[in-house]
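All values below come from the heavy atoms of this structure, side chains included, with hydrogens, waters and symmetry mates left out.
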Amino acid sequence: MNFWRWLITPDPDPGFNRTKLLKLVIRVVLFATVATLISSLLALTPLRPYLDTWWGSLIFILILYVPMARFLLVDSFVPRRGAGAGATAGKGGKSTLSSAQKRKERNRYAGVKKGPPKYGGRR
């Protein structure tokens, strides 16, 4: 498996194990290196006086840190894919739902119209 895919793939095991902590440390080191490099390069431009102010630092943080939060928090939360009750189970993609439950799920948002009135029409 290539290094980048290993680094960004969430670990399905709950809790923090050795692999998860290693990934987190590598991500933090990579992020700190990239943030320092970008900050150093921007300090060489005419933007330096603006980056030395509190609002310049805030803009830099918002532009850099907020998009990178997803990269840093990959293993912190449970992946949403396959977490629902109707998820397929195990090998072969076989579903654990009965035929009635499948029909109910299929028709849930299918725009099924209401039936005719039970006791006559309008009054």
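Residues satisfying the side chain to side chain contact (heavy atoms under 4.5 Å, CB included) test with A32, not counting sequence neighbours, are none. Scanning for side-chain hydrogen bond (donor to acceptor under 3.5 Å, both in side chains) contacts around W55 gives T53, with sequence neighbours left out. Not counting sequence neighbours, the partners of V25 by the side chain to side chain contact (heavy atoms under 4.5 Å, CB included) test are V29.
Note on residues 35-52: no pairs pass side chain to side chain donor-acceptor pair (under 3.5 Å), not counting sequence neighbours. Listed by first then second residue, pairs satisfying salt bridge (Lys or Arg N to Asp or Glu O under 4.0 Å) with a partner in residues 56-65 number zero, not counting sequence neighbours.
Cluster membership check: L41 does not share its hydrophobic cluster with M68, using side-chain heavy-atom separations under 4.5 Å among Ile, Leu, Val, Met, Phe, Trp and Tyr. Following chains of ILVMFWY side-chain contacts shorter than 4.5 Å, one can reach W54 starting from V66, so the two form part of one hydrophobic cluster.
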For residues 58-65, dump all side-chain donor-acceptor pairs below 3.5 Å to protein atoms at least two apart in sequence or in another chain.
none

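The two residues L51 and G56 come nearest to each other via the heavy atoms CD2-O, 3.9 Å.
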